[in-house]
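Sequence lines set the chain letters: A, B, ... in the order given, protein chains first and strands last, and positions in each chain run from 1.
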Amino acid sequence: MILHSWNVNGLRAVAGKGFFEWLSASDSDVAGLQETKIQPGHEADFGEVQGYRPSFVSCTVKKGYSGVGAYYRREPLAVNAELPDPRFRGEGRLLHLEYPEFHFLTVYFPNGQRGQDRLDYKMGYYEAFLAHAQELRRTKPIVVCGDFNTAHTELDLKNPKSNEKTSGFLPEERAWLDRFTAHGYVDCFRLFEQGGGHYTWWDYRFQARSRNVGWRIDYFYVSDELRPRVKRAWIESQVTGSDHCPVGLELDLG
DNA sequence: CGTAATACG
């Protein structure tokens with residue numbers, strides 16, 4: 001089973017820059033998307049295509065903001081939107097597809113760079129998400145992918161020193177990823193690659209991408225019950241169209 | 001610099 005995650009930074013924009021060609025060639029069973037920026041009611045513009053069915057969670061509080069979704073060719077048992085905690089509903093940040101073998105969660109975690117209020121919201125979202133994942137995990141294993149908006153270690157961004165006070169590499173944000181992994185969620189990419197220089201996001205400014213001045217902030221984590229099933233995890237850094245690139249996971253479900 | 005609406009990342 002092949003899974004993908006991609007922060008597309010506007011589905012309308014990437015649709016004109018090869019998104020559906022990428023999906024068709026991806027061999028993906030489920031592709032989770034973040035920052036779709038589709039408004040409520042406009043989901044029909046991005047319907048079934050090439051054997052894939054879509055599901056979207058739009059932001060209901062800001063036009064053209066946030067939003068997550070998925071294209072899948074394997075039908076889920078159930079579909080849910082957003083976290084149960086009412087403080088963290090409405091921005092279109094979580095899509096949950098339930099499959100027989102696991103819960104598939106795709107998430108766009110808040111960006112904390114706009115100010116203290118948004119950093120507080122991000123940290124609160126992290127805690128509420130962990131509680132929700134732990135609750136779901138009581139029934140079956142978890143696969144979670146998406147834009148976590150935090151680089152975990154010094155290996156996960158080009159310039160760790162100069163970003164120690166930047167949201168996305170703050171000690172408290174990194175400490176939450178420590179806590180998350182301590183609960184038994186495995187960073188799948190790191191099962192296969194321990195070196196630095198592997199990134200999933202590059203600033204549009206300063207020719208950051210051509211210079212590979214990037215951050216690894218898009219991840220696949222699995223709860224450790226699934227760790228023996230992880231066959232492959234990778235970063236598709238050659239795929240353009242967004243300031244993020246896709247990441248992939250292959251599971252051997254036997 | 002870029003998306004999509006004039007804010008946000």
Side-chain angles (χ1 to χ4, degrees), chain A residues 5-23 31-46 54 56-69 82 88-94 106-126 129 145-152 156-160 162-170 172-174 176-177 199-219 236-247:
Chain A
S5 177
W6 193 5
N7 180 324
V8 293
N9 189 26
L11 186 54
R12 268 185 280 177
V14 291
K17 294 191 285 190
F19 172 78
F20 290 103
E21 292 80 358
W22 169 82
L23 180 65
L33 309 176
Q34 305 86 40
E35 285 202 90
T36 49
K37 301 187 178 182
I38 298 172
Q39 289 181 38
H42 293 187
E43 293 89 348
D45 297 344
F46 300 94
F56 294 110
V57 184
S58 289
C59 180
T60 56
V61 295
K62 285 193 189 88
K63 278 185 184 176
Y65 178 72
S66 184
V68 291
E82 304 279 38
F88 301 108
R89 298 176 67 84
E91 292 193 355
R93 295 190 177 276
L94 171 64
T106 192
V107 193
Y108 175 45
F109 286 97
N111 185 301
Q113 293 185 342
R114 185 64 41 171
Q116 188 62 45
D117 285 357
R118 292 306 291 175
L119 180 58
D120 292 344
Y121 188 81
K122 179 180 184 179
M123 297 310 301
Y125 199 99
Y126 274 152
F129 174 79
C145 65
D147 178 358
F148 282 64
N149 258 316
T150 298
H152 194 175
D156 295 318
L157 73 169
K158 183 75 162 193
N159 295 315
S162 60
N163 284 298
E164 280 173 346
K165 295 182 178 177
T166 306
S167 176
F169 197 57
L170 294 175
E172 67 198 277
E173 297 169 321
R174 299 173 59 195
W176 181 80
L177 283 174
Y199 309 128
T200 66
W201 175 80
W202 304 263
D203 199 311
Y204 275 127
R205 297 165 290 180
F206 322 121
Q207 300 176 21
R209 192 158 184 171
S210 63
R211 296 161 52 222
N212 198 28
V213 179
W215 301 52
R216 193 172 72 93
I217 57 177
D218 301 270
Y219 304 89
E236 300 187 1
S237 56
Q238 77 286 2
V239 176
T240 57
S242 165
D243 50 350
H244 297 248
C245 73
V247 297

Name the first nucleotide and the last nucleotide along DNA chain B (5' to 3') that come under 4.0 Å of a heavy atom in chain A. B:dC1 to B:dG9
Quick check: on DNA chain B, is the nucleotide nearest A:Lys37 upstream (toward 5') of the one nearest A:Phe206, or the reverse? Name the residue that is more 5'. A:Phe206
Report the residue (A:Asn149 or A:Gln39) whose heavy-atom-nearest nucleotide on DNA chain B is the more 5′ of the two. A:Gln39
Work out how far the C1' atom of B:dA4 is from that of B:dG9, and round it to whole angstrom. 12 Å
With sequence neighbours excluded, residues passing salt bridge (charged side-chain N to carboxylate O under 4.0 Å, His left out) with A:Asp156: A:Arg190, A:Arg216
Distance alone, cut at 3.5 Å: any donor-acceptor contact between the side chains of A:Gln34 and A:Thr106? yes
Which word best sums up how the rings of A:Trp201 and A:His244 line up, parallel for under 30°, tilted for 30 to 60°, or perpendicular for over 60°? tilted
Got a donor-acceptor contact below 3.5 angstrom from the A:Lys37 side chain to the A:Ala13 backbone? no
Should we say atom CD of A:Gln207 is surrounded by more than 12 heavy atoms from elsewhere, each under 6.0 Å from it? no
